Amino acid sequence: MSEQDQVQAARKAFGQRLRGLRLDANLNGRQLSARSAMRDSKISRIELGRQNPTEDDIRLWCRACDAEDQVPELIAAHRQIDEMWEEHRQAMRAGLKQQSERIKPLYEQTKLIRAYEPQTVPGFLQRPGYTRAVIEDVSRFHGLTDDIAQAVEGRLNRLRVLESGKCMFSLVVEAGALYAQRGGVTVMLDQLDYVERAAGFANVALGIIPLGRLRTIWPGEGFYVYDESLVRSEHWTGGYRTKRPSEIETYLRIFKLLQSQAVYGDAARAEIDAARRLLQSREIS
């Protein structure tokens with residue numbers, strides 16, 4: 001399902017939720033129309049997800065169904081629908097450095113960051129060389145013309161947040177991310193050394209899911225959960241974000257399952273060392 005399809009599905013689900021309010025109030029379309037001053041046809045289009053209700057429509061709907069206590073949550077959910085997806089090109093028009101600066105306050109205000117990465121080292125653990133390689137790949141793919149040095153500097157805000165010790169981190173990484181070379185062997189060896197060192201920080205819990213592990217939860221898209229208030233996830237064509245409590249709860253459930261698949265402490269360091277030895281063998285050969 002494309003991003004636009006998912007937004008449309010969310011709008012349809014929201015319409016069904018409003019329909020549920022109408023049914024719970026024992027109202028048919030005409031009765032709701034009489035109470036709310038909305039036309040029957042508009043009510044039908046909203047319930048089918050074919051028309052996006054305004055916030056005033058939501059207030060009128062709830063008032064007509066004697067459900068005014070649900071107005072704040074419904075309006076918050078409605079606002080979230082259009083904010084769910086952000087196309088990469090649109091987000092990057094201002095430049096990668098500006099994008100990093102825009103999200104910097106979020107990093108600094110969060111007390112606990114949970115992150116899962118299936119294919120790359122989490123941003124908060126990335127060394128400059130690795131970050132540069134990632135940014136060069138992104139710039140090449142999307143045809144961006146950013147100043148790479150400035151973009152790298154902006155992204156390193158994440159590393160500074162981690163090293164400040166002011167925020168707690170719970171990170172789960174698929175072992176495959178340790179073997180996916182970014183920037184060459186030297187860059188990767190430096191990156192793996194740092195991942196191992198950061199695993200010993202007092203504010204970092206690092207779990208690695210070994211290759212060939214018998215899975216009870218499948219690998220999926222990487223995501224970051226900021227406290228229990230926001231989820232961000234990057235896909236091929238866009239970034240997904242949600243503040244909806246039910247969505248955040250689902251991601252937290254997924255994260256706990258991923259944690260249960262991961263190894264920690266000495267076992268995690270052994271996974272890092274295995275990736276390092278393979279890289280060193282390639283460097284020698």
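Here the structure is a predicted model, which is why all the values come from computation and not from measurement. Starting from 1, each residue takes its place in the sequence as its number.
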Under the side-chain hydrogen bond (donor to acceptor under 3.5 Å, both in side chains) test, which residues partner R132, sequence neighbours left out? none
Which residues pass the side-chain hydrogen bond (donor to acceptor under 3.5 Å, both in side chains) test with E271, sequence neighbours left out? none
May I ask you to list the residues sharing a hydrophobic cluster with M168, side-chain cutoff 4.5 Å, ordered by chain and number? L112
Are a donor atom and an acceptor atom from the side chains of Q126 and T131 found within less than 3.5 Å of each other? yes
Partners meeting side-chain hydrogen bond (donor to acceptor under 3.5 Å, both in side chains) with Q70 (sequence neighbours left out): none
With sequence neighbours excluded, tell me which residues meet side-chain hydrogen bond (donor to acceptor under 3.5 Å, both in side chains) with Q109. none
Could you work out, with salt bridge (charged side-chain N to carboxylate O under 4.0 Å, His left out) as the rule, every residue matching D69, not counting sequence neighbours? none
Polar side chain donor-acceptor pair, D40 to S33, under 3.5 angstrom: yes
T120 side chain to Y130 side chain, donor-acceptor N/O pair below 3.5 angstrom: yes
Is a side-chain donor or acceptor of H78 paired with a backbone partner of E55 at a separation under 3.5 angstrom? no
Under the ring pair (Phe, Tyr, Trp, His ring centres under 6.0 Å) test, residues paired with Y226 that sit two or more places apart: none
Who pairs with F169 by ring pair (Phe, Tyr, Trp, His ring centres under 6.0 Å), at least two apart in sequence or on another chain? F124
Partner residues of S44 under the side-chain contact (heavy atoms from CB on, under 4.5 Å) criterion, sequence neighbours left out: L48
T54 side-chain N/O to D57 backbone N/O, donor-acceptor pair under 3.5 Å: yes
Side chain to side chain donor-acceptor pair (under 3.5 Å) pairs touching residues 196-205, sequence neighbours excluded, are E196-R276
Begin with the C-alpha distance, continue with both residues' side-chain angles, and end with the deciding distance and a verdict on side chain to side chain contact (heavy atoms under 4.5 Å, CB included) for Q191 and L178. CA-CA 9 Å; Q191 181 61 69; L178 306 178; over 6 Å; no
Here the gap from Q259 atom CD to I209 atom CD1, rounded to the nearest 0.5 Å, amounts to 9.5 Å
Closest non-hydrogen atom pair, A180 against Q119: CB-O, 3.9 Å
Do L258 and Q261 pass the side chain to side chain contact (heavy atoms under 4.5 Å, CB included) test, and can you show the C-alpha distance, the side-chain angles, and the key distance before you say yes or no? CA-CA 5 Å; L258 290 165; Q261 299 282 276; 5.5 Å; no
Quick one: ring pair (Phe, Tyr, Trp, His ring centres under 6.0 Å) partners of Y116, sequence neighbours excluded? F223
Do L252 and V225 pass the side chain to side chain contact (heavy atoms under 4.5 Å, CB included) test, and can you show the C-alpha distance, the side-chain angles, and the key distance before you say yes or no? CA-CA 8 Å; L252 290 176; V225 185; 3.9 Å; yes
By side-chain contact (heavy atoms from CB on, under 4.5 Å), A274 pairs with (sequence neighbours left out) Y179, R277
